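Remember, predicted model here, so these are calculated numbers, not experimental data. Letters A, B, ... mirror the listed sequences (proteins, then strands); counts begin at 1. Below, each value reflects all heavy atoms present in this structure, side chains not excepted, and no hydrogens, waters or symmetry copies.
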Amino acid sequence: MHILLAEDDPAVSIVIQICLEKIGGHTVQLVGDGAAAVSLASREAFDLIVLDGMMPIKSGLQAASEIRAAGVVSTPIIFLSAKNDERDIAAFLKLGVGFIPKPFEPTMICAKIDTILDEAQNGTSNRGAS
Amino acid sequence: MTIRSQLNLLTAVVIGGSGFAGWSAFEARREIEAYDRVMNESMETRSVLLLMEDLPYHDDTFRRLNLEKERLKEPDRKQAFNSAVKMYAAKNPLELRRAIRKGLRVEADHFNKNRGRRDVIEARFEKLMMVSLCILAAGLLLVMLTVHAMIFKSLNRLSRRMLDFLVDRYSFQFSQPDQSELGDLQRTFNSLAQRVINTTDELKRLDSAKSEFLSIASHELRTPMTSIKGSLSLLASGVVGQLDVGSLRLIKIAEGETDRLIRLINDLLDLAKIESGGLPLHLNWVQWDDFCGKTLDGLASLAHKAEVRLELVSLPAVEVNIDRDRLQQVLTNLVSNAIKFSPKGGAVRVTLSRAKTGELVVSVSDTGPGIKAEDREMIFEKFRQGTSAANPLVKGTGLGLAIAKALVAEHGGSIGVESTVGVGSNFWFSLPKWRENEAVESKSEAA
């Protein structure tokens, strides 16, 4: 899969990138903030967009709604978030297919993404995998 | 004016007023008695004179009258009597009759005059008695009203304010304390209440600052932990290149310790959240057997590794009103502790029973080394672990039981431990909200 990953913490983003590339065998485009994610998503086609919830310039939710507004309607979006209150989860599920609560083990991220995409495809509950 | 001086003044006025009236009445009474005596005497004189008019002329009578004369006191009466007796002695009936009539007239005047004065004084006496009683009664009434208005009303107000203060901190103040002695009491109460409020506010501020600090610190710690743990996992898994055995061993140690640090951070954040009330429960009716079975399934591998048997003793068809995830955290903590402290071949038993008070009690008993009496209360506090010499390799964050205690309390229950050193421990917690579900029971019987 060709994946867009937006995550502001450089250490976390590099570890996730390596996991996605080495374990999952995906290709990853890395950006450090929400605005960059919006511009890249509207220029290039991706199979999956992974957005961190809290990023500088534009938050994950803001970026997601702008990506949808820019005409990218079918690409699934998954959120990474340390905030996992009921309200946050509801907001994530409105714009994306699921979310992965932080902290998670980076090596498990491929399996989690697969689970969320499977569930979304089968039309079952698209709650975040934890 | 203070209450004391008001009461003193009032009492003095009442005693003075009623005392003066009473004394005057007493004096009047004495005067009346004096008049009564005088009137009695003149009645006697009259009766003697009237007796004399009907007397036969006889010497014995004359002698008796002379004796009677001694009883008379007033000089003019004595004189009238003397002249009457002289007439009698001169045997002049006409003169005698005239003298007797004159004596009677004098006595009658005397009597009437005295009776008139006596009646006036008697009326005054009655009036004075009445006034004295009225002053006393009015004084008592005034004293009662004063005491009521100044003392009981203020005391009531004070106790009401104190009760208010217990339930609501804002209505405590006496903005205008009374001018009396009770005003001092009210002012003292004001400052005491203020001190309590200041202290409570300070404590709350400190507590929320602490919670906030913990929460921020935990968040800030989590992000780097994620990348450290991820990097170590990647290195250990070999996807970025094979490592030699020595390096791999060190990486594994670093990974294990990172896991421990992550657990500690998670526990800290949990506890901070529970304590600041930021962790609302999502209560649902859950079938106990199902819940407990699934929780123990998750611990089966740990038990297997430690070679400890897991046993489940339950009541049929019981449903509990719990937050599934949170109570699972509690049960997992207690059972994994029990497994960790049990020797190889030991058994951990999870028992559901009904207490006399009607609550459900969940007990987790082990065959471990037991807990010393002095440690039993302490282990539920933060970062306090029992001094276990038996298993120094068992490492925890020291927060598990504190979290369990807080979560059980959120469910309205309590938590505790009974233990005998060398025999084992029995951790229990209670759940007040439960019910029996007949439908589930009959279904399971049918199956």
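- Here the CD1-CG distance, from A:Ile14 to B:Leu234, works out to 12.0 Å after rounding to the nearest 0.5 Å.
- Separation of atoms CD1 (A:Ile18) and OG (B:Ser233) is listed at 12.0 Å; rounding is to 0.5 Å.
- Environment of CZ in B:Arg435: crowded, with over 12 heavy atoms of neighbouring residues, nucleotides or ligands closer than 6.0 Å.
- Heavy-atom neighbours of B:His304 NE2 from other residues, nucleotides or ligands within 6.0 Å: at or below the threshold of 12.
- Other residues, nucleotides and ligands contribute at most 12 non-hydrogen atoms within 6.0 Å of the CE atom of A:Met108.
- Taking 4.5 Å as the limit, every side-chain heavy atom of B:Thr226 sits out of range of all side-chain heavy atoms of A:Val15.
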